[in-house]
Amino acid sequence: MMKNAIEIKNLSKTYKASGKAGPKMALDDVSINIPRGSIFGLLGPNGAGKSTIINIMAGLVVKSSGQVKIWDRDIDTNPRNAKASIGIVPQEITFDPFFTPLQILDLMAGMYGVPARERRSMELLETMGLADKAGSYTRSLSGGMKRRLMIAKAMVHSPPILVLDEPTAGVDIELRKALWDNVRALNAKGVTILLTTHYLEEAEELCDRIAIINHGKVIADEDKETLLSRINNKEIRFRLDRPFDDIPSELINLGGQKSGKRSVTFRYSPGEFNVDGLIGAIQKCGYGIADISTKDSDLEDVFLQLTSAAA
Ligand code: ADP
C-alpha cells in the first residue's frame, strides 16, 4: 500500500523578476513526505513559501525544479489525475450568494465531471454539519458555516487528500474548535489532511506531524511529539513567602532567575532536575514557599527557537 499521500522531492521555485523586484527564490530544495492518513501541518512565518507549495500542487504556480507526486501521480507527467486526487480549500470565501449550499455542491460536482448518481452533496453537507441549511440561501449562512461549505465544496469529487490553507484565519475560538471537529471527522473517514496555519495552537491540537519552513527551506519535519520534546524548556516558578531584592547567590548558582518581586524561576530539562533539591535550597536561604507553578514547552517555543536560529 502507498505510504505517502504526497511526496515532494527537491522542490525549488524562483519567481521571475518583475518591475523593480529582482528574482525571488521562494522554495529552496524542499523535500517533504505527507503520510497517508495523517493530519499534516505546514508551518512557517509569512513569506516562508507555504502558499507557493500549495499553488504548485494546485497547478497555479509552475515549479522551477524538483518533483511532486500526489497520490502517486506526478504533477508533470500525470497532471489531471494528480489534481483530481486533491481538494483545495482556499483562504478566501467565494460563493454565489443566491445559490443554496446543495446547488453549489451539485454545480461543483458537475464541473468536476462527477456523474449525477455518484454525487454525494447531501452526505457532505451532513458531515460538515450543514444538512439543515441545504436549501437556504448561502448569503444567510454564518461565517463559520460558509467556511464549512468551502470544505464541502473542495470534497465534491471525493479526493483522498484535502488541503486547507489557513482554515481558521480570522475565525473566533469557538468556531475554530468546531471546524477542528469537522476536520477530524473527515480524517477519521480516511482523508489525508494537509493544512497551513500560523496558529501554533491549531497545529498542536490537530496535527500528527508538522513541517516548519522558513525562507523557503525545511527546518523541521517530525512527529508532533518529537518536535515538542526537541527543546526541553520546562519552567518551574516558586513564589516565596516574602519579597526579596536580590536572589540569594546559592539560587543563582542553581540557575535561578528573578521573575517578580517575590518569585524565582528555574528552567530545566525533564529528567535532569531535582525539585526536592531546589525546595531544600530555597528553605536553606531562609525563605518559605508560598506557591509553585510549572510550564511545559509548547509549539510556540519550538517555533520561535527554530525560526530565530535559522534567520
Ligand atoms: P507564505 O505562504 O509562507 O506566506 P509565499 O509562498 O506566499 O509564502 O511566498 C514566499 C516568497 O515568495 C515570499 O517572499 C513572497 O514575497 C514571494 N512570492 C510569492 N508569490 C510571488 C510572485 N507571484 N512573484 C514574486 N514573488 C512572489
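The structure displayed is predicted, hence computed values, not measured ones. Each ligand, and each atom within it, is numbered from 1 in the order the structure gives.
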Exercise for review: Please test Asp74 against Lys69 for salt bridge (Lys or Arg N to Asp or Glu O under 4.0 Å), starting from the C-alpha separation and ending with a verdict.
Suggested key: CA-CA 4 Å; Asp74 192 298; Lys69 276 187 178 178; over 6 Å; no
Practice item. Measure across Val89 and Ala154 and return the closest heavy-atom pair with its distance rounded to 0.1 Å. Key: CG2-CB, 3.6 Å
Practice item. Show the protein residues that qualify under the rule heavy atom under 4.0 Å from an atom of ligand 1, listing them in chain and number order. Key: Tyr15, Lys24, Ala26, Pro45, Asn46, Gly47, Ala48, Gly49, Lys50, Ser51, Thr52
Check your understanding: Short question: side chain of Arg148, backbone of Met128 - any donor-acceptor pair under 3.5 Å?
Key -> yes
Review point. By salt bridge (charged side-chain N to carboxylate O under 4.0 Å, His left out), which residues pair with Asp241, not counting sequence neighbours?
Key: none
Study note, to complete from the structure: Taken in chain and number order and not counting sequence neighbours, the residues that satisfy salt bridge (charged side-chain N to carboxylate O under 4.0 Å, His left out) with Arg120 are Glu123
Check your understanding: Which residues pass the salt bridge (charged side-chain N to carboxylate O under 4.0 Å, His left out) test with Asp181, sequence neighbours left out?
Key -> Arg184
